[in-house]
Enquirer: 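Here it is: the structure, laid out below.
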Amino acid sequence: MSINHPNFGMIADNRVIIFDTTLRDGEQSPGFSMNLDEKLRMAEALAELGVDVIEAGFPIASIGDFESVQHIAQSIRGPVITGLARSGRDDILRAAEAVKPAERKRIHTFISTSPLHMKYKLRMEPDAVLEAVGRSVALARDFTDDVEWSAEDGSRTEPDFLCRCVEAAIKAGATTINIPDTVGYSVPEDIARIFTMLRTRVPGADGVIFSTHNHNDLGLAVANTLAAVGAGARQIECTINGIGERAGNAALEEVVMAIRTRHDAVPFNNGIDSPKILRTSKLLAAITGFDVQPNKAIVGRNAFAHESGIHQDGVLKNAATYEIMTPESVGWQKTSLVLGKHSGRAAFRDKLRSLGYGEVGDNALNDAFRRFKDLADRKKLVYDEDITALFDETVVREQSRIKFISLQVWSGSKAQPRAVLELEVDGVLHEHESLGDGPVDATFNAIRAIAPHEAELRLFTVGAVTEGTDAQARCGVRLEEGGKLVDGQGADTDTIVAAARAYVHALNKLMVKRARTEPAALSA
Ligand code: KIV
Ligand code: ZN
């Protein structure tokens with residue numbers, strides 16, 4: 001059986017739609033917030049990767065969210081662009097306005113249906129919820145033929161009531177029905193049972209796409225997703241690197257490669273260009289400053305590394321002995337020395353293109369190229385990861401009110417650490433000397449003296465971009481002001497300079513956030 005969908009036309013029964021929610025559910029997790037440019041870059045990468053639907057944000061949540069969804073709707077061609085909305089009129093109008101410029105648009109509206117959520121979160125009677133389902137979907141249909149309805153906490157919803165809600169949504173015109181495992185409580189058997197029940201019991205079920213959306217609280221998000229597909233779901237909601245609320249969502253790369261590698265057991269197709277998976281994963285890590293853990297399936301540094309002699313010997317004789325898919329099929333290549341200090345501007349521009357940055361403006365290119373030459377002088381080997389870290393820094397610098405200029409630090413076991421810092425604030429150069437309990441503390445004190453602020457430091461992290469003692473350090477700084485969190489990242493061969501850059505980055509983000517008003521609180 002195949003379905004005629006308003007945005008996709010006839011969909012073959014063995015085709016699964018990949019719905020990416022990295023920019024909405026993923027971005028909702030603490031520390032993963034992205035600014036407009038970062039979201040646009042991610043959206044471009046997702047379109048190139050071949051996702052079918054991009055959930056670009058939650059337009060009523062903030063002006064920033066609205067603008068990102070609208071810009072993505074204006075500029076990204078290919079995938080359907082959707083924005084999330086609760087069941088209220090204002091939410092739906094805001095989402096409709098944000099996705100309006102899209103070539104292909106969808107409104108995704110949801111309401112909680114479980115007894116727990118209805119009673120304590122919504123404080124609504126089931127009949128009122130049922131009425132809201134029909135009303136919200138019908139309103140959304142005034143703006144687009146492609147409407148998705150979600151039953152928040154659907155997997156913990158009483159089965160008869162879930163059937164009635166789904167029936168109401170279909171009658172009101174929903175074209176996709178999504179049943180989230182919002183709190184990651186289900187096991188695969190539960191999920192399969194729910195989809196089988198809905199598809200057999202609800203009138204009109206054969207004319208809509210069923211969708212699955214699984215959180216990873218018990219580490220079962222991918223298994224639950226595959227179980228849903230086995231029971232008839234044909235849309236998979238997922239995120240790059242599995243980011244998302246709490247323990248995250250089903251990881252796109254894991255679901256896609258499970259389907260591809262075990263096509264015998266999961267015989268479905270999708271439009272993902274799998275060799276682009278790794279670079280999309282790395283772009284997200286570079287933007288958010290959170291690397292995936294080394295043993296992360298598909299995209300972790302160790303995912304294709306063979307340590308034991310027995311395994312290495314087997315792989316050398318025949319890679320299939322210990323590799324169930326080729327590293328190249330998800331974008332891993334032999335580590336390459338990308339550029340040297342004699343490389344020219346054209347090669348550098350080319351490298352940026354191959355790393356997924358597209359056409360780079362002259363200012364950003366010149367600045368990044370200067371920094372690359374400087375790095376190549378200090379560091380023996382310059383890898384793709386170094387270029388990514390360096391270029392992300394450059395983009396941040398270009399758009400910032402506060403710019404890092406220089407830092408000199410004296411520290412050691414005998415004297416109190418001292419930092420002399422130069423920052424440019426709104427075009428004016430400032431210098432300050434500070435003492436501290438350590439070199440990082442002295443540096444952060446100097447930043448606070450030049451750019452006074454109330455925000456509290458909540459998290460400071462240090463990692464390495466590549467390996468070796470000459471590797472660039474990547475630092476992360478989380479600041480909190482009035483309940484708002486911002487995260488900044490910085491990279492440099494000098495760890496203290498990387499820390500200073502990260503702090504300045506976070507501060508710049510905070511100023512952007514302050515400049516925006518936040519009209520409504522999130523509830524999803
Ligand atoms: O997890 C969830 O229930 C959600 C819905 C809003 C789709 O993210
Ligand atoms: Zn979710």
Side-chain angles (χ1 to χ4, degrees), residues 17-30 32 53-61 65 69 80-88 91-92 94-95 98-99 106-118 120-122 129 132-133 136-137 140 146-157 162 165-166 169 174-186 190-191 194-195 198 208-222 224-225 228 233 235-252 255 520-524:
I17 293 168
I18 302 294
F19 174 117
D20 181 278
T21 183
T22 306
L23 298 175
R24 198 278 298 170
D25 212 323
E27 209 242 0
Q28 263 171 238
S29 47
F32 285 87
V53 184
I54 294 178
E55 184 160 59
F58 193 176
I60 194 124
D65 247 59
V69 178
V80 170
I81 308 298
T82 188
L84 186 66
R86 289 166 297 191
S87 59
D91 272 53
I92 292 172
R94 199 80 177 134
V99 297
R106 169 181 298 187
I107 294 175
H108 177 192
T109 180
F110 74 98
I111 190 165
S112 292
T113 51
S114 68
L116 209 59
H117 277 219
M118 289 191 293
Y120 293 105
K121 192 182 99 163
L122 297 179
V129 169
V133 173
S136 55
V137 171
D146 187 346
V147 172
E148 171 169 340
W149 177 76
S150 285
E152 191 185 5
D153 208 16
S155 57
R156 293 195 299 172
T157 297
L162 187 60
C165 289
V166 169
T175 40
T176 299
I177 300 292
N178 181 40
I179 310 297
D181 185 31
T182 302
V183 291
Y185 177 75
S186 302
D190 299 331
I191 296 289
I194 291 171
F195 283 97
L198 293 173
V208 296
I209 300 281
F210 278 93
S211 166
T212 185
H213 175 117
N214 297 293
H215 281 270
N216 206 27
D217 300 66
L218 293 174
L220 292 172
V222 172
N224 286 341
T225 300
Q235 175 176 282
I236 292 172
E237 302 202 354
C238 48
T239 59
I240 300 294
N241 297 346
I243 70 170
E245 283 278 3
R246 305 179 310 278
N249 290 63
L252 179 147
V255 173
L522 299 186
S523 72

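For ligands, and for the atoms within them, numbers begin at 1 and follow the listed sequence.
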Enquirer: May I ask you to list the atoms of ligand 1 that are less than 4.0 angstrom from any heavy atom of Pro180?
Expert: 2 (C), 3 (O)

Enquirer: For ligand 1, which part of Gln28 has a heavy atom less than 4.0 Å away: the side chain, the backbone, both, or neither?
Expert: neither

Enquirer: Taking atom types as modelled, is there a side-chain donor on Asn214 or Thr212 under 3.5 Å from an acceptor on the other?
Expert: yes

Enquirer: I'd like to verify the contacts: list protein N, O or S atoms under a distance of 2.8 Å from the Zn ion (ligand 2).
Expert: Asp25 OD2, His213 NE2, His215 NE2

Enquirer: Strictly under 4.0 Å, does any heavy atom of Glu245 approach an atom of ligand 1?
Expert: no

Enquirer: Just jot down the ligand 1 atoms closer than 4.0 angstrom to any heavy atom of Glu152, in number order.
Expert: 3 (O)

Enquirer: Between Asp25 and ligand 1, which residue portion shows a heavy-atom distance shorter than 4.0 Å: side chain, backbone, both, or neither?
Expert: side chain

Enquirer: Once you round to the nearest 0.5 Å, how far does CZ of Arg246 lie from OG1 of Thr182?
Expert: 8.0 Å

Enquirer: Please find the pair of heavy atoms, one from Ala221 and one from Asn216, that lie closest to each other, and give the distance.
Expert: N-OD1, 3.0 Å

Enquirer: Between Ile179 and Ala151, which heavy-atom pair has the shortest distance, and what is it?
Expert: CD1-CB, 4.5 Å

Enquirer: Rounded to the nearest 0.5 Å, how far does CD1 of Ile243 lie from CD of Gln28?
Expert: 10.5 Å

Enquirer: Please report whether ligand 1 has a polar contact with Thr182, defined as an N or O pair separated by less than 3.5 Å (distance criterion only).
Expert: yes

Enquirer: Could you tell me whether His215 approaches ligand 1 through its side chain, its backbone, both or neither, with non-hydrogen atoms closer than 4.0 Å?
Expert: side chain

Enquirer: Spell out, as yes or no, whether a donor-acceptor pair under 3.5 Å connects the side chain of His215 to the backbone of Gly248.
Expert: yes

Enquirer: Can you see which heavy atom on Val208 is nearest to which on Ala174, and at what distance?
Expert: CG1-O, 3.4 Å

Enquirer: Of the options Thr225, Asp181, Asp25, which is the one that meets His213 in a side-chain contact (heavy atoms from CB on, under 4.5 Å)?
Expert: Asp25

Enquirer: Could you walk me through whether Asn224 and Ser186 pass the side-chain hydrogen bond (donor to acceptor under 3.5 Å, both in side chains) check?
Expert: CA-CA 8 Å; Asn224 286 341; Ser186 302; 5.3 Å; no

Enquirer: Could you report the tightest heavy-atom contact between Thr22 and Ile240, atom names first, then the distance?
Expert: OG1-N, 2.9 Å

Enquirer: Using a plain distance cutoff, I'd like to know if His108 has any nitrogen or oxygen under 3.5 Å from a nitrogen or oxygen of ligand 1.
Expert: no

